[in-house]
S.K.: 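For reference, the structure I am asking about is given below.
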There are 2 protein chains.
Amino acid sequence: MRIRKNAADRRDEVIDATLRLASDVGPERITTDAIAKAVGLSQAAVFRHFPHKEDIWAAVLDWLRARFAERWAGMAAGETSPERRLRAIVRGQLEFIRANPGLPMILMSRELHTRSELLRAGIAGLMEMFHRHLAGVLEEGKRNGEFAADLDVPRAANVVIALIQGLALRWSLSGRAFDIVSEGERALDLALAGMASRSRN
Amino acid sequence: MRIRKNAADRRDEVIDATLRLASDVGPERITTDAIAKAVGLSQAAVFRHFPHKEDIWAAVLDWLRARFAERWAGMAAGETSPERRLRAIVRGQLEFIRANPGLPMILMSRELHTRSELLRAGIAGLMEMFHRHLAGVLEEGKRNGEFAADLDVPRAANVVIALIQGLALRWSLSGRAFDIVSEGERALDLALAGMASRSRN
DNA sequence: TATATAAGTGAGTGTTCACTCACTATAGCC
DNA sequence: GGCTATAGTGAGTGAACACTCACTTATATA
């Protein structure tokens, strides 16, 4: 029997299935047929809701953007000191990745980057959002004295992002063989404190 | 006119072309036809030299493994202190990436990881080689007093790798819009010295 | 110089994929 | 209960792709 739902619900189901499939097989190998099966539709029906496959990805990016905004807005209220805020942001991002393992695969996908300028810009936009968010907290901590007075804020934000992405990459490729959240917190500790011996200089 | 070369030369040409194409279009979008055109052969001729496409990737990984071994053997002789050695290793790796922009795309490719267990193991092996190499130097520096006495060496090595990979990712996706070598050296400075203010604790 | 061997080719094949189209069934409204 | 708008379908289509095959041509050496 044919189950008929309204368009908005189906769109959400497709977005959801796509995110889940992204972590299972990788974004480049998601086919419209796989999405259809995951949602319980015929392949042709997918194209009722999204005229082109690219439009599915655009919707996924919109969904992610909305989630990020939500999370960061909620989180800003909590912690007091900039360093604690930074840790909370990183932890939050890692928890989000743990809950949505497809996310890093999407952000890192060369496929999505090169197939369409729209998607490239969308992904770059997400990363910029995060960079600005981090830079704001780092700047505060620098004024505050919690971070080094001569800290190069934009570069430090990039270092934090690189840490998260490098970690997420290893996590994904290892088949999620370790806990990305606790491992990420340790990595951040190292980056904040430094590896060099404290006795020198 | 038909140009005929011996098999070994053709294999090298194919490996070379594949590495170059990996940076241009990404590993997952390299077709045997594109490789054939790059080398100046018909598509069918590619299969004279490699029975399956997977074999081309295996050969590329072998080539990379040999290059790494070469470089690291040559480099060990140079620098004196562990910290300088670490910096030299990272710099060397970044220079290698700059010269072979396809490398990070290959190492990060989910496609290659999931399509074949042989390739997955090959890539994991390359990363392990690098991890061991870094851990050795960090261990030395820890004994030496240049690095923190309580440094968690394997984790620190992972942090360095994450930094390089995260940086390489941003570099690739940005269309190589900055100098990965100098940017990487600054990032390493930050990770070694730490971001937190020195006045605290 | 004849011959064997190996490098090369054009023209396929089967599969996978995004996307189309003519048609059908259902929900919501009058 | 009948009508309309729209979610849904099965059966395509054409393009891209890895890989095959029967056949050709160049090279090394007996």
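Here is the naming used below: chain letters follow the sequence lines, and residue numbers restart at 1 for every chain.
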S.K.: When you get a sec, tell me which of D/dT25, C/dT20, D/dC19 is the closest nucleotide to the side chain of B/R4?
M.R.: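 Closest nucleotide to the B/R4 side chain: D/dT25.
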S.K.: Out of D/dG8, C/dG8, D/dA18, which has the shortest distance to the side chain of B/A45?
M.R.: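 The listed nucleotide nearest to B/A45's side chain is C/dG8.
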S.K.: What is the distance, rounded to the nearest whole Å, between atom CZ of B/F50 and atom C1' of D/dT20?
M.R.: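 In whole Å, D/dT20 C1' lies 18 Å from B/F50 CZ.
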S.K.: Between atom CZ in B/R11 and atom P in C/dG8, what is the gap in whole Å?
M.R.: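 Checked: the CZ to P distance equals 13 Å.
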S.K.: Mind calculating the distance between CG (A/D12) and P (D/dA7) to the nearest angstrom?
M.R.: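 Taking CG of A/D12 and P of D/dA7, I get 14 Å after rounding.
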S.K.: Indicate yes or no: at least one non-hydrogen side-chain atom of B/I106 is less than 4.5 angstrom from one of B/L61.
M.R.: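 Heavy-atom side-chain distance check passes, below 4.5 Å.
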S.K.: Starting at the 5' end of DNA chain D and moving along, which residue's nearest nucleotide shows up first, B/A44 or A/K5?
M.R.: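 With B/A44 and A/K5 compared, the 5'-side residue is A/K5.
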S.K.: Counting just side-chain N and O atoms, does A/H52 come under 4.0 Å of either OP1 or OP2 of C/dC19?
M.R.: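 Yes, within the criterion.
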S.K.: Starting at atom CZ of A/R115, determine the distance to atom P of D/dA15, rounded to an integer number of angstrom.
M.R.: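 Rounding to the nearest Å, CZ of A/R115 and P of D/dA15 are 16 Å apart.
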S.K.: Want to settle it: does B/I30 or A/R48 sit nearer the 5' end of DNA chain D, counting the closest nucleotide to each?
M.R.: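 It is A/R48, whose closest nucleotide lies nearer the 5' terminus.
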S.K.: Counting side-chain heavy atoms from C-beta on, which of C/dA18, D/dC21, D/dG8 comes nearest to A/T31?
M.R.: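 Of C/dA18, D/dC21, D/dG8, C/dA18 is nearest to the side chain of A/T31.
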S.K.: Establish, from distance only, whether the side-chain atoms of A/R110 and B/S109 form a donor-acceptor pair under 3.5 Å.
M.R.: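 Per modelled atom types, A/R110 and B/S109 side chains form no pair under 3.5 Å.
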S.K.: When you compare the side chains of B/R85 and B/T80, does any donor N or O come within less than 3.5 Å of an acceptor on the partner?
M.R.: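 B/T80 and B/R85 do not have a side-chain donor-acceptor pair below 3.5 Å.
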S.K.: Which nucleotide in the set D/dA18, D/dA7, C/dC21 lies at the smallest distance from any side-chain heavy atom of B/Q43?
M.R.: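 Of D/dA18, D/dA7, C/dC21, D/dA18 is nearest to the side chain of B/Q43.
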S.K.: Measure CG/B/N6 against P/D/dT25 and give the value in whole Å, please.
M.R.: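 These atoms are roughly 22 Å apart.
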S.K.: Should the heavy atoms of other residues, nucleotides or ligands under 6.0 Å from CZ of B/R84 be counted, would the total exceed 12?
M.R.: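 No, because the 6.0 Å sphere around CZ of B/R84 holds 12 heavy atoms or fewer from other groups.
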S.K.: Rounded to the Å, how far apart are A/W57 CH2 and C/dA18 P?
M.R.: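 Taking CH2 of A/W57 and P of C/dA18, I get 11 Å after rounding.
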S.K.: I want to verify a distance call: between C/dT26, D/dA18, C/dT9, whose nearest atom is closest to the B/S42 side chain?
M.R.: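 The answer is C/dT9.
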S.K.: Could you please name the option among D/dT20, C/dA18, D/dT27 that lies closest to any side-chain atom of A/K53?
M.R.: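 In terms of side-chain proximity for A/K53, the closest of D/dT20, C/dA18, D/dT27 is C/dA18.
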S.K.: Is the closest side-chain heavy-atom distance between B/N158 and B/H131 below 4.5 Å?
M.R.: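 Side chain of B/N158 against side chain of B/H131, heavy atoms only: contact under 4.5 Å found.
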S.K.: Quickly work out the A/F47 CZ to D/dG8 C1' distance and round it to whole Å.
M.R.: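 So the CZ-C1' distance, A/F47 to D/dG8, works out to 15 Å.
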S.K.: Take the protein atom NE2 of A/H49 and the nucleotide atom C1' of C/dA18, then report the distance between them rounded to whole Å.
M.R.: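 About 17 Å, once rounded to whole Å.
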